[in-house]
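Below is one structure, written out as structure tokens, with a few remarks after it.
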Amino acid sequence: MTRRAAPVDYPVALTIAGSDSGGAAGIQADVKTMEACGAYGTSVVTSVTAQNTRGVHGVHHLPPEDVTAQLDAVTDDYDVLAAKTGMLGTPETLDAVVDAVTDFDGPLVVDPVLVATAGDVLADDTVAAAYDALFAHATLLTPNADEAATLTETAIQTRDDAVAAARALRERGADAVLLTGGDSYTDDERAVDVLVTDDAVRTFVGERVDTERTHGSGCTISSAITARLARGDDLETAVARGIDVVARAIRYPHAVGGPTGSVHHLATLRDDATRDDVATVVRDLAGLDPVADAAGATPYAESLADVAGGAGGRFGDAGRLGEVLLAARERDPAYRYALTLDRADALAADATPVDLDAADLPAQRVAETAVAADADGAAVRDPDGTATLLAPSAAALRDRLA
């Protein structure tokens with residue numbers, strides 16, 4: 001029997017950028033992220049780099065006519081609904097791209113790539129000086145703080161500096177500017193991104209992640225936003241979703257290569273794929289004796305929205321138990337599931353005590369908490385006589401109750 005094909009109709013997005021042989025940034029990052037965000041990713045390669053997490057070891061810029069040929073091939077056959085640019089390499093390439101996007105009707109995101117994460121220069125001063133011709137066609141610019149400082153020839157040391165630089169860039173032709181990398185001009189534990197449009201300034205504030213594994217973060221956020229624009233999101237919604245995608249990608253990076261590693265472009269997609277299974281497991285755990293409550297986190301959980309709880313196993317309903325689980329994951333992200341027991345005598349008597357700092361809890365404190373941990377997980381004894389078990393798997397919790 002011949003099976004019937006079932007084509008999937010995804011909106012098409014386009015990236016015009018350089019290739020990263022290490023897979024963390026450039027075209028490779030863009031296409032992975034676009035697919036993860038629900039768009040079909042097409043590509044035009046402007047430059048080929050010999051690159052890994054330790055640096056750029058060689059660059060070959062394609063002739064402008066080759067860039068134009070790729071652009072023609074894609075746009076002649078695909079209905080491109082949104083596009084982005086990344087590394088353009090030379091003024092001649094930039095001019096070719098400007099010619100191609102002049103008649104493009106969809107949103108255009110311009111990521112003015114100047115320097116790689118490892119510090120290697122990817123575009124010289126002549127490219128930076130020529131960007132205005134492309135900015136005039138941009139729906140959104142997504143420079144990081146260093147790129148914005150270079151393009152505006154100003155120092156960015158405060159949020160006000162960031163807003164001023166974004167406004168200056170917007171005056172050069174773009175509809176809006178998202179200035180990222182706010183951790184470089186804040187002195188606390190916040191990650192700050194600033195969006196400047198024609199009538200408003202919006203600041204996105206998140207928690208800073210203590211990691212150097214950020215290679216590909218700029219490409220990831222710009223391509224996530226492009227994919228969401230292709231899917232029909234308005235600009236502010238697309239930006240907010242792009243920030244969420246890159247935040248999760250940085251929190252759970254790939255442990256590959258050198259110190260800068262690679263962000264996890266597919267973290268959000270893979271996390272979403274587990275939600276039904278997590279909810280089912282939580283419902284099963286909640287029915288065990290002597291379980292009073294149960295909660296389960298997706299593998300890349302970031303908030304209570306990613307924690308299922310209660311007899312219904314609904315996401316966002318885990319309450320205090322979900323807060324405890326998220327706090328434990330800050331200490332050890334392997335923890336996925338938690339149970340509250342009606343009695344505390346289920347705790348392992350020979351477990352090794354450790355501390356769970358009440359300050360780790362994002363919303364509520366756990367007063368007078370004693371924690372015991374062993375190879376299979378942790379146990380929290382609460383003052384009210386109940387106990388909470390934490391483990392990487394539901395099987396480990398069931399074994400603990402057996």
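Just so it is clear, the structure is predicted and the values come from calculations on it, not from any experiment.
The pair Glu330-Arg251 counts as a salt bridge, with a side-chain nitrogen and a carboxylate oxygen less than 4.0 angstrom apart. The residues Asp306 and Arg248 are annotated as salt-bridged, a charged nitrogen and a carboxylate oxygen being separated by less than 4.0 angstrom.
Without hydrogens or angle criteria, Arg213 side chain to His264 main chain gives no donor-acceptor distance under 3.5 Å. Looking at Asp399, its side chain never comes within 3.5 Å of a backbone N or O of Ala396 through a donor-acceptor pair. In terms of modelled atom types and a separation under 3.5 Å, the side chain of Thr46 and the main chain of Ala17 share a donor-acceptor contact.
For Arg172, the salt bridge (Lys or Arg N to Asp or Glu O under 4.0 Å) criterion is met by Asp132, not counting sequence neighbours.
A donor-acceptor contact closer than 3.5 angstrom links the side chains of Asp234 and Thr237. Counted by atom type alone, His215 and Ser262 present zero donor-acceptor pairs between their side chains at under 3.5 Å.
Looking at heavy atoms from C-beta onward, Ile221 lies in side-chain contact with Leu178 at the 4.5 angstrom threshold. Here the side chains of Tyr300 and Thr274 are not in contact, with every heavy-atom distance at 4.5 Å or above.
Across all their heavy atoms, Pro11 and Arg231 have their closest contact at CG-CG, 3.6 Å. Closest heavy-atom contact between Val196 and Ala166: CG2-CB, 3.6 Å.
Around CG of Asp76, the count of heavy atoms belonging to other residues, nucleotides or ligands within 6.0 Å exceeds 12. Heavy atoms from other residues, nucleotides or ligands lying under 6.0 Å from CG of Asp276 number 12 at most. Counting heavy atoms of neighbouring residues, nucleotides and ligands inside a 6.0 Å radius, atom CZ of Phe104 exceeds 12 of them. Counting non-hydrogen atoms of neighbouring residues, nucleotides and ligands closer than 6.0 angstrom, the CD atom of Glu153 reaches no more than 12 such neighbours. Surrounding CZ of Arg167 are at most 12 heavy atoms belonging to other residues, nucleotides or ligands under 6.0 Å away. Heavy-atom contacts from other residues, nucleotides or ligands closer than 6.0 Å to CG of Asp199 number more than 12.
In this pair, Tyr40 and Tyr78 present their aromatic rings parallel. The plane angle is below 30°, not in the 30 to 60° band.
Tested against Val239 for a side chain to side chain contact (heavy atoms under 4.5 Å, CB included), the candidates Ile225, Asp193, Leu229 yield a single pass: Ile225.
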